[in-house]
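First the structure, in the form of structure tokens, and then the observations on it.
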Amino acid sequence: MTLSLYNTRTRQKEPFAPLQPGRVTMYVCGPTVYSFPHIGNARPAVVFDVLARLLRTRYQLVYARNITDIDDKINRAAAAEGVPIGEIAARYAHAYHADMRALGVLAPDIEPRATEHLAGIMRMIGGLIDSGHAYVADGHVLFRVSSFADYGALSRRDQRELLAGARVEVAPYKEGAGDFVLWKPSTPELPGWDSPWGRGRPGWHIECSAMVAEHLGPTIDIHGGGNDLIFPHHENEIAQSTCANRGALFARYWLHNGFVNVDHTKMSKSLGNVLLVRHLLEQAPGEAIRLALLAAHYRQPLDWTSEVLPEARRKLDRLYGALRDVEGWQALEAAPDPEFIAALDDDLNTPQALAVLFNLARDVNRSSDPAERAALAACLRASAALLGLLGADPDAWFMTETSDGLSAEQVETLLAERRAARTSRDFKRADQIRDQLLEAGILIEDSAEGTRWRRSAG
RNA sequence: GGCUAGGUGGCAGAAUGGUUAUGCAGCGGCCUGCAAAGCCGCGUAUGCCGGUUCGAUUCCGACCCUAGCCUCCA
């Protein structure tokens, strides 16, 4: 049972062991709270939630996921509405929490905010200036990239190429084209904090470095985030933190999740194809969205199409269906299936882990021995729990309402009529009612014990 | 132009130097008044061209194609 993780830093799968035996520190880049979370924001939250659940079975975990609440996008949103940035940040942080909860994402241990870490940010910037890694120019504080030999190691970029290939117009006050902002001046109408370098605000990259240092120390075990953050954000974090900590290794394992595409193309505001979690939650239960996100390996791109959600619901129908008619499994203590664990241990191979779940479901359905069925069901549930799935009551799952359909009462009334028709062997009328219910998204099943119904994925 | 990840059956998506992925969809059977669910069974796949090998989807090389990053971005 050895966990191995693909480390972006070394570009290979490595066996995982924490720096400090028994205790793991993990930091994941959280949201910038300037709008509602979209499905792309949800992927890292779900993926690293699974990793956190797995790690907690073996280690004491300290999991920090920040909220970026100082950012120019927030400033713009606040200016547009004429409200303080705190209001924008509070609103969307709240939305983020609500949506992630709906997806079964557990809260991290620590959720630091940039606005609560100005002192630490300034302290780190001051230290970088003192040690020659940063300089003041034209009211800005900039990181001197040339002072850090390993710059570009994570993203495998050559410093010189970076400079030569720079497409953006270089600000005249920069010493080097690749130098990036640690602190920038704020005009009076912009939010700002008083600092040794004047009233201003921190750059995005330094916020994470300072929060990591304050909560998790100079060297952390795991740093996660989206694929797109490798450059420049994580590269810059490494530069800042390593230099601020006198060369100490910043993060031992770098994990990056792939992007979510929509209908084969990138999600972007200009294309108008940004899928918000809150809208998807109107189409399907959060658990289905979660399963859809875990159906592909976390490092692969995930193409979101109109088929994804209905299919995820049908998969859950199958899994919950296997639990539904089993007696007595809820009370059983069960360990996750070893094969399931092995799949997760292999760099979080969730598609493989899901395959194990489906095999367990089939075994439950196959078995006619009540004790065996209960044991298998308990194992299925215990395994799925590591993925944050199958936590609901099976009967409740099949009753989940997502859109305006028939009420349970209406369904029962129609079923009573159908029962009467069947008793008098008026099958034509009975089938008519069944078709009517089906059209309303109600699927019915006859058995020796009677008729039962459920809401279908459509 | 530089860097990175990919191209697997109708779709989604793992794995593997020779042996069933899994799910959804489809087909046949059992069950059922008929269905549904479930079970049993079936079918179609590894971009293209070379090389290594007894044997390659898997390793190596070339080519074609796709996506991402290089600028704010999960």
Side-chain angles (χ1 to χ4, degrees), chain A residues 8 11 28-32 34 37-48 68 71-73 76 152 155-158 160-162 164-169 178 204 224-233 235 256-261 264-269 274 291-292 294-297 299-305 307-308 310-319 321-322 324-325 343 346 349-359 361-362 364-368 398 421-422 425-428 430-431 434-435 437-438 442-448 451-454 456-457:
Chain A
T8 307
R11 310 276 161 144
V28 173
C29 288
T32 300
Y34 67 102
H38 54 66
I39 188 67
N41 295 304
R43 170 119 96 148
V46 168
V47 163
F48 290 105
T68 299
D71 185 276
D72 286 351
K73 288 188 291 290
R76 274 196 291 277
S155 55
R156 305 253 161 134
R157 273 160 230 263
D158 188 290
R160 285 162 309 173
E161 279 176 14
L162 275 172
R167 280 192 196 161
V168 201
E169 209 177 314
W204 172 39
N227 204 210
D228 57 317
L229 298 182
I230 296 174
F231 188 89
H233 187 234
E235 198 73 73
H256 293 97
N257 64 273
F259 254 49
V260 179
N261 294 322
H264 318 294
T265 53
K266 184 177 169 169
M267 244 190 321
S268 74
K269 280 189 175 164
V274 175
L291 175 58
L294 295 174
H297 184 87
R299 282 192 283 119
Q300 295 305 127
L302 176 62
D303 195 33
W304 197 277
T305 65
E307 278 307 299
V308 166
E311 186 172 330
R313 278 189 77 168
R314 286 192 288 263
K315 287 178 180 178
L316 284 168
D317 281 347
R318 178 161 174 81
L319 294 174
R324 185 159 54 156
D325 293 323
D346 183 15
N349 192 337
T350 54
Q352 181 67 48
L354 286 168
V356 176
L357 256 35
F358 285 109
N359 287 337
R362 188 196 52 218
V364 171
N365 290 330
R366 254 183 200 166
S367 173
S368 52
F398 288 107
R422 290 182 78 208
R425 303 193 64 80
D426 180 0
F427 293 122
K428 197 176 166 200
D431 292 352
R434 183 170 61 202
D435 292 344
L437 285 166
L438 188 62
I442 307 295
L443 227 129
I444 63 177
E445 300 172 13
D446 296 323
S447 69
T451 300
R452 70 178 167 191
W453 59 278
R454 62 185 172 93
S456 79

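Just so we're on the same page: letters track the sequence lines, and every chain starts at 1.
As a whole-Å value, the separation of A:N257 CG from B:A74 C1' is 6 Å. Between A:E307 atom CD and B:G13 atom C1' the separation is 15 Å, expressed in whole Å. The CG atom of A:L319 sits 14 Å away from the P atom of B:U22 (whole-angstrom rounding). The CE atom of A:M267 sits 16 Å away from the P atom of B:A67 (whole-angstrom rounding). For the pair A:R157 CZ and B:U4 C1', the interatomic distance rounds to 8 Å; values are reported in whole Å. For the pair A:N359 CG and B:A15 P, the computed distance is 16 Å after rounding to whole Å. Atom CG of A:N41 and atom C1' of B:C73 are 9 Å apart (whole Å). Across the protein-nucleic acid pair, A:R313 atom CZ and B:C11 atom P stand 25 Å apart, rounded to whole Å.
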Residues A:R422, A:D446; criterion salt bridge (Lys or Arg N to Asp or Glu O under 4.0 Å); working and verdict: CA-CA 11 Å; A:R422 290 182 78 208; A:D446 296 323; 3.4 Å; yes
Verdict with reasoning, A:R318 to A:R362, per side chain to side chain contact (heavy atoms under 4.5 Å, CB included): CA-CA 9 Å; A:R318 178 161 174 81; A:R362 188 196 52 218; 4.1 Å; yes
Side chain to side chain contact (heavy atoms under 4.5 Å, CB included) assessment of A:Q352 paired with A:H297: CA-CA 9 Å; A:Q352 181 67 48; A:H297 184 87; over 6 Å; no
Candidate pair A:E445 and A:R454, rule salt bridge (Lys or Arg N to Asp or Glu O under 4.0 Å), full reasoning: CA-CA 8 Å; A:E445 300 172 13; A:R454 62 185 172 93; 3.1 Å; yes
Full working for side chain to side chain contact (heavy atoms under 4.5 Å, CB included) between A:T8 and A:N227: CA-CA 10 Å; A:T8 307; A:N227 204 210; over 6 Å; no
Chi angles and distances behind the salt bridge (Lys or Arg N to Asp or Glu O under 4.0 Å) call for A:D431, A:R434: CA-CA 5 Å; A:D431 292 352; A:R434 183 170 61 202; 3.4 Å; yes
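The side chain of A:N349 places an N or O atom within less than 4.0 Å of a non-bridging phosphate oxygen (OP1 or OP2) of B:A15.
Spacing of P atoms, B:A62 relative to B:G51, comes out at 16 Å, to the nearest Å. Remark: the separation of the P atoms in B:C54 and B:C48 is 24 Å, to the nearest Å. Between B:C60 and B:G23, the two C1' atoms lie 34 Å apart (nearest whole Å). As rounded to the nearest Å, B:G13 and B:U22 have C1' atoms that lie 8 Å from one another. Here, B:G7 and B:U57 have their C1' atoms 12 Å apart, quoted to the whole Å. Taking the C1' atoms as reference points, B:C72 lies 34 Å from B:C64, given to the whole Å. Separation of the P atoms belonging to B:A35 and B:C30 is 11 Å when rounded to the nearest angstrom. Between the C1' atoms of B:A15 and B:U58, the separation comes to 10 Å (whole Å).
Residue A:F358 is in sugar-phosphate contact alone, with no base atom involved, counting any heavy-atom pair closer than 4.0 Å across all strands shown. In this structure, A:K266 reaches the bases: a heavy-atom distance under 4.0 Å links it to at least one base atom across the strands shown. Within the nucleic acid shown, A:V260 comes within 4.0 Å of at least one base atom, counting heavy atoms only.
Checking A:P232 against A:A295, the closest nucleotide of RNA chain B that is more toward the 5' end is the one next to A:A295. The residue among A:E311 and A:H297 whose nearest nucleotide of RNA chain B lies closer to the 5′ end is A:H297.
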Heavy-atom protein contacts under 4.0 Å, nucleotides 30-43 of chain B, coded B base, S sugar-phosphate only, - none: ---BBBBSSSS---
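Side-chain contact check for A:V364 versus A:R366: every heavy-atom pair is 4.5 Å or farther apart. Annotation: side chain of A:F427 is in contact with side chain of A:R425 (closest heavy-atom distance under 4.5 Å).
By the 6.0 Å and 45° rule, A:R43 does not stack over the aromatic ring of A:F259.
With distances taken from any side-chain atom of A:P351 to the nucleotides B:A74, B:A14, B:C3, the minimum falls on B:A14.
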Bracket notation of RNA chain B in which parentheses pair within the strand, [ ] cross earlier pairs, and | pairs with another strand (Watson-Crick or G-U, under 3.5 Å): (((((((..(((.....[...))).(((((.......)))))....(.(((..]....))).))))))))....
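The two residues A:K315 and A:A295 come nearest to each other via the heavy atoms NZ-CB, 4.1 Å.
Separating the SG atom in A:C29 from the CG atom in A:D228 is a distance of 9.5 Å, to the nearest 0.5 Å.
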